[in-house]
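Chain letters run A, B, ... following the sequence lines, proteins first and then strands; every chain starts at 1. All values below come from the heavy atoms of this structure, side chains included, with hydrogens, waters and symmetry mates left out.
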There are 2 protein chains.
Amino acid sequence: MDARPVSMRIKLESYRASKDGERGLANCPVRTVIDTLGGRWATLLLSALAEKPYRFGELRRLVPDISQRMLTQTLADLQRDGYVHREVFPTKPPSVEYSLTDLGRSMFEALAHVLGWAERNHQAVRTARAAYDRAAEGIE
Amino acid sequence: MDARPVSMRIKLESYRASKDGERGLANCPVRTVIDTLGGRWATLLLSALAEKPYRFGELRRLVPDISQRMLTQTLADLQRDGYVHREVFPTKPPSVEYSLTDLGRSMFEALAHVLGWAERNHQAVRTARAAYDRAAEGIE
DNA sequence: CAGCATCCCACATGATACTG
DNA sequence: CAGTATCATGTGGGATGCTG
């Protein structure tokens with residue numbers, strides 16, 4: 001019996017094409033998901049929407065650093081992948097509300113493990129980086 | 001009392017600087033972690049190393065698509081963040097073994113939730129994308 | 001065997017201006 | 001309010017050749 005915890009038994013095969021004949025990483029299950037989440041703003045917007053639905057302008061104020069272009073585009077990417085629902089209210093001027101779908105909530109539940117880990121351990125990572133950089137400094 | 005599951009209560013503040021005075025996303029706890037993991041090869045190499053330690057050449061054969069440049073660089077990034085331990089054996093010619101550190105194993109345990117979700121749900125994501133693209137097609 | 005140095009380009013992201 | 005369009009740029013990543 002495999003003594004490793006379940007979480008350690010992710011199969012490397014999951015990174016390859018799901019069907020023979022498909023080449024490269026285009027069809028890789030993991031990359032299908034990570035490519036969208038790896039962007040600079042996706043996890044941030046997902047965290048906001050996990051809290052509650054928000055409108056475009058509210059998100060903009062919530063994340064002042066994001067440009068309007070990237071806010072629009074990231075939301076579109078998340079909607080395209082089925083994580084986010086976009087609802088237009090034909091008021092005047094119009095308002096648009098964004099919310100997580102069931103798929104999005106399901107995915108965020110998994111992602112939250114990483115976000116939680118990051119909250120708890122980012123200092124350890126920073127410390128490791130500083131040590132690595134200090135060691136590299138001595139060599140040059 | 002907050003009825004949301006623990007995983008939903010990731011605080012948006014975690015994305016901001018950990019200390020006042022630090023501006024932008026440079027000091028964001030989540031970005032500190034995600035910036036490294038978001039790359040094209042990091043999760044793939046971590047999955048391999050979670051299985052067992054590997055040498056440079058073994059990793060290269062395991063992941064034929066990766067260029068030598070990116071294999072070296074990604075491993076260095078992972079080592080710098082403290083996820084990976086690099087051990088040089090002064091044989092001739094030299095061999096170098098890479099393995100997960102305790103920090104790396106801890107982090108991968110969280111990451112595995114996302115990888116597992118991706119394995120189980122990538123088809124749903126692909127389906128959502130196809131539907132979105134089909135709808136967009138009709139408009140143009 | 002396990003890298004490093006160099007060149008190069010596509011693409012992700014930002015800045016700015018305009019619109020229904 | 002919630003976008004779109006356009007231009008500019010930094011950098012992630014590939015290709016290739018060299019080295020201890």
- Query: Would you say Arg31(A)'s side chain and Arg40(B)'s backbone share a donor-acceptor pair under 3.5 angstrom?
  - Reply: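 A pair under 3.5 Å: yes.
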- Item | Donor-acceptor pair, side chain of Arg60(B) and main chain of Gln68(B), under 3.5 angstrom | no
Looking at every non-hydrogen atom in both residues, tell me the closest pair between [X] and [Y] and how far apart they are.
X: Ala48(A); Y: Leu59(A); answer: CB-CD2, 4.1 Å
X: Asp102(A); Y: Arg105(A); answer: OD1-NH2, 3.0 Å
X: Ser95(A); Y: Arg55(A); answer: CB-NH1, 3.3 Å
X: Asp81(A); Y: Thr32(A); answer: OD2-O, 4.3 Å

- Message: Rounding to 10°, can you tell me the angle the first-five-pair axis of the helix from dC1(C)-dG20(D) to dG20(C)-dC1(D) makes with its last-five-pair axis?
- Response: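 About 50°, once rounded to a multiple of 10°.
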Measure [atom1]/[X] against [atom2]/[N] and give the value in whole Å, please.
X: Arg60(B); N: dG14(D); atom1: CZ; atom2: C1'; result: 14 Å
X: Arg40(A); N: dG10(D); atom1: CZ; atom2: P; result: 13 Å
X: Leu59(A); N: dA2(D); atom1: CG; atom2: C1'; result: 12 Å
X: Lys92(A); N: dC1(D); atom1: NZ; atom2: C1'; result: 11 Å

- Geometric class of the Tyr98(A)/Phe56(A) ring pair [parallel <30°, tilted 30-60°, perpendicular >60°]: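 Ring orientation of Phe56(A) relative to Tyr98(A): tilted.
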- Task: Assign Arg55(A) to base, sugar-phosphate, or nothing according to its heavy-atom contacts below 4.0 angstrom with the strands shown.
- Result: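 It contacts sugar-phosphate atoms only.
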- Close side-chain approach of Leu37(B) and Ile34(A), heavy atoms under 4.5 Å: no
- Item | Any residue of residues 67-91 of chain A with a heavy atom less than 4.0 Å from an atom of DNA chain C | Ser67(A), Gln68(A), Arg69(A), Met70(A)
- Query: Nucleotide range of DNA chain C contacted by chain A, 5' to 3', under 4.0 Å to a heavy atom?
  - Reply: dT13(C) to dG20(C)
- Would you mind telling me which residue lines up with the more 5' stretch of DNA chain D, Pro94(B) or Phe56(A), judged by nearest nucleotide?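 So the residue in question is Phe56(A).
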